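To start, the structure under review is shown below, and the notes come after it.
In each ligand, atom 1 is the first atom listed, and ligand 1 is the first ligand listed. We're numbering straight along the sequence, starting at 1. Keep in mind the model is a prediction, meaning the values are calculated, not measured.
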Amino acid sequence: MTEKIETFEEKIPEIVLNSGHKMPVVGLGCATHPLPPTEQLVSIFIDAMENGYRHFDTAKLYGTEEALGKAVAKALEIGLIKSRDELFITSKLWSTDADHDLVLPALKQTLGKLGLEYLDLYLIHWPVRIKHGTQMVNFTKDDILPFDIHGTWKAMEECSKLGLTKSIGLSNFTCAKISKLLEIATIPPAVNQVEMNVGWQQRKLVPFCKEKGIRMCAWSPLGAYGTSWGTNAVMENPILKEIAASKSNTVSQVALRWIYQQGASVIVKSFNKERMKQNIQIFDWELTEEEMDRILQIPQRRMWRGEAYVHPTGLYKSEEELWDGEI
Ligand SMILES: NC(=O)c1ccc[n+]([C@@H]2O[C@H](COP(=O)([O-])OP(=O)(O)OC[C@H]3O[C@@H](n4cnc5c(N)ncnc54)[C@H](OP(=O)(O)O)[C@@H]3O)[C@@H](O)[C@H]2O)c1
């Protein structure tokens, strides 16, 4: 469990997406608040690469694209990686750009910030469109516009055909919204990145995505422990604590391994060297059937309910509507 990581291939397995491209099953989350200075972020991302991380999850919203790009350039310069192809970089289309004609310029802007020629994965961040030009999260109900899934997805497909991103996908989409998308998609989404952890197990979405060949990626796999948007429901769960103690693992490792055993990928954020290491030591042991059954008993509650997108006169009139009843 504590041996030095020789190569990331040994430690972080990869899966093949429906696009034919490989993705390491654990990625480092690059969202944090407040944002550390760029140089500190660069050094954190380098630490992560030294520890074996090759998959990084950023977004226009997070404000970390530039620092991640600088870290990639530095990793190449110091020989930590030989080629950019060794990395898997995800970014996301923010809702103010969720319109057919704005997708390509938004992706080009993201690539410019990262200093890269292509992304590995570009996701629609939310099934929501916000008036272009609105300050990222400072929007009112009048700024929320009808979401044109057809036009937005067609533009994502064009980005893929131009070679600007190897795979395209979704984030925060329900079974119902994915079904609608699949009716018009000529390139199916490779990934759906959603809140998923032992406290919100996504019991409907997991089998649905599996059946459709879409890879689930879990965000807030530790319940965003210790953050302003987080919950203690994962890291302080008594069942997880007992399982962890009985196996000499940490609670975070049990929480992450559970996701892996569901056939999903993990996007976990730690900017602390020791915890980064700990979070990828989940591949040489497993949870038993009995332990998996115990985890099934954990009460379920969605942490991030998307209240900001819900208004009595808006596109989604209730949380039920936003999540198509999957709440
Ligand atoms: N698509 C979306 O809409 C969406 C939404 C939210 C998040 N995401 C992505 O998913 C990533 C992960 O989600 P998240 O950051 O919300 O939550 P998370 O990964 O579940 O939790 C992060 C928190 O847990 C702490 N932590 C990490 N490892 C730990 C360990 N071993 N023991 C104790 N505490 C630990 C971190 O602190 P330290 O850094 O101090 O270790 C941080 O406070 C984000 O960074 C982002 O890339 C996507």
Applying side-chain contact (heavy atoms from CB on, under 4.5 Å) to Asn232 and Val234, what does each step give before you reach the verdict?
CA-CA 6 Å; Asn232 297 340; Val234 176; over 6 Å; no
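- Considering only non-hydrogen protein atoms, atom 42 (C) of ligand 1 sits nearest to Tyr225 O, 3.5 Å.
- Distance from atom 20 (O) of ligand 1 to its nearest protein heavy atom, with residue and atom name: Leu222 N, 2.7 Å.
- At under 3.5 Å, not a single nitrogen or oxygen of Asn272, backbone or side chain, sits near a nitrogen or oxygen of ligand 1.
- Nearest protein heavy-atom neighbour of atom 28 (N) of ligand 1: Asn279 ND2, 3.0 Å.
- Considering backbone and side-chain N/O atoms, Thr227 never comes within less than 3.5 Å of an N/O atom of ligand 1.
- Residues that satisfy the side chain to side chain contact (heavy atoms under 4.5 Å, CB included) test with Ala75, not counting sequence neighbours, are Ile46, Met49, Leu80, Ile81.
- Remark: distances from the non-hydrogen atoms of Thr250 to ligand 1 are all 4.0 Å or more.
- For atom 15 (O) of ligand 1, the closest non-hydrogen atom of the protein is Lys269 CB, 3.4 Å.
- Looking at Asp120 and Arg84, a side-chain N of the basic residue comes within less than 4.0 Å of a carboxylate O on the acidic one, giving a salt bridge.
- In the vicinity of Gln193, heavy-atom distances shorter than 4.0 Å reach the ligand 1 atoms 1 (N), 2 (C), 4 (C), 48 (C).
- Residue Lys180 places its NZ atom among 12 or fewer non-hydrogen atoms of other residues, nucleotides or ligands, all under 6.0 Å distant.
- Taking 4.5 Å as the limit, every side-chain heavy atom of Lys60 sits out of range of all side-chain heavy atoms of Lys113.
- Considering only non-hydrogen protein atoms, atom 14 (P) of ligand 1 sits nearest to Ser220 OG, 3.6 Å.
- In this structure, Met216 and Lys210 have side chains that are not in contact, with every pair of non-hydrogen atoms separated by 4.5 Å or more.
- Side-chain contact between Ser220 and Trp200: absent, with no pair of heavy atoms (C-beta onward) separated by less than 4.5 Å.
- With hydrogens left out, the protein atom closest to atom 12 (C) of ligand 1 is Ile267 O, 3.2 Å, a heavy atom.
- Taking any N or O of Lys92, backbone or side chain, none lies under 3.5 Å from an N or O belonging to ligand 1.
- For ligand 1, the polar-atom distance check against Val268 finds no nitrogen or oxygen pair separated by under 3.5 Å.
- Of all protein heavy atoms, the one closest to atom 35 (C) of ligand 1 is Arg275 CD, 3.7 Å.
- Judged as a ring-ring contact (aromatic ring centres under 6.0 Å, His included), and not counting sequence neighbours, the contacts of Tyr260 are Phe283.
- Two residues are said to be in side-chain contact when any heavy atoms from C-beta on lie closer than 4.5 Å; Ser252 and Gln278 meet this criterion.
- For atom 47 (O) of ligand 1, the closest heavy atom belonging to the protein is Asp57 OD2, 2.7 Å.
- Remark: ligand 1 and Met235 share no N or O pair separated by less than 3.5 Å (distance only, no angle test).
- Each of the atoms 16 (O) of ligand 1 lies under 4.0 Å from some heavy atom of Trp229.
- Using a 4.5 Å heavy-atom cutoff, the side chains of Leu145 and Leu315 are not in contact.
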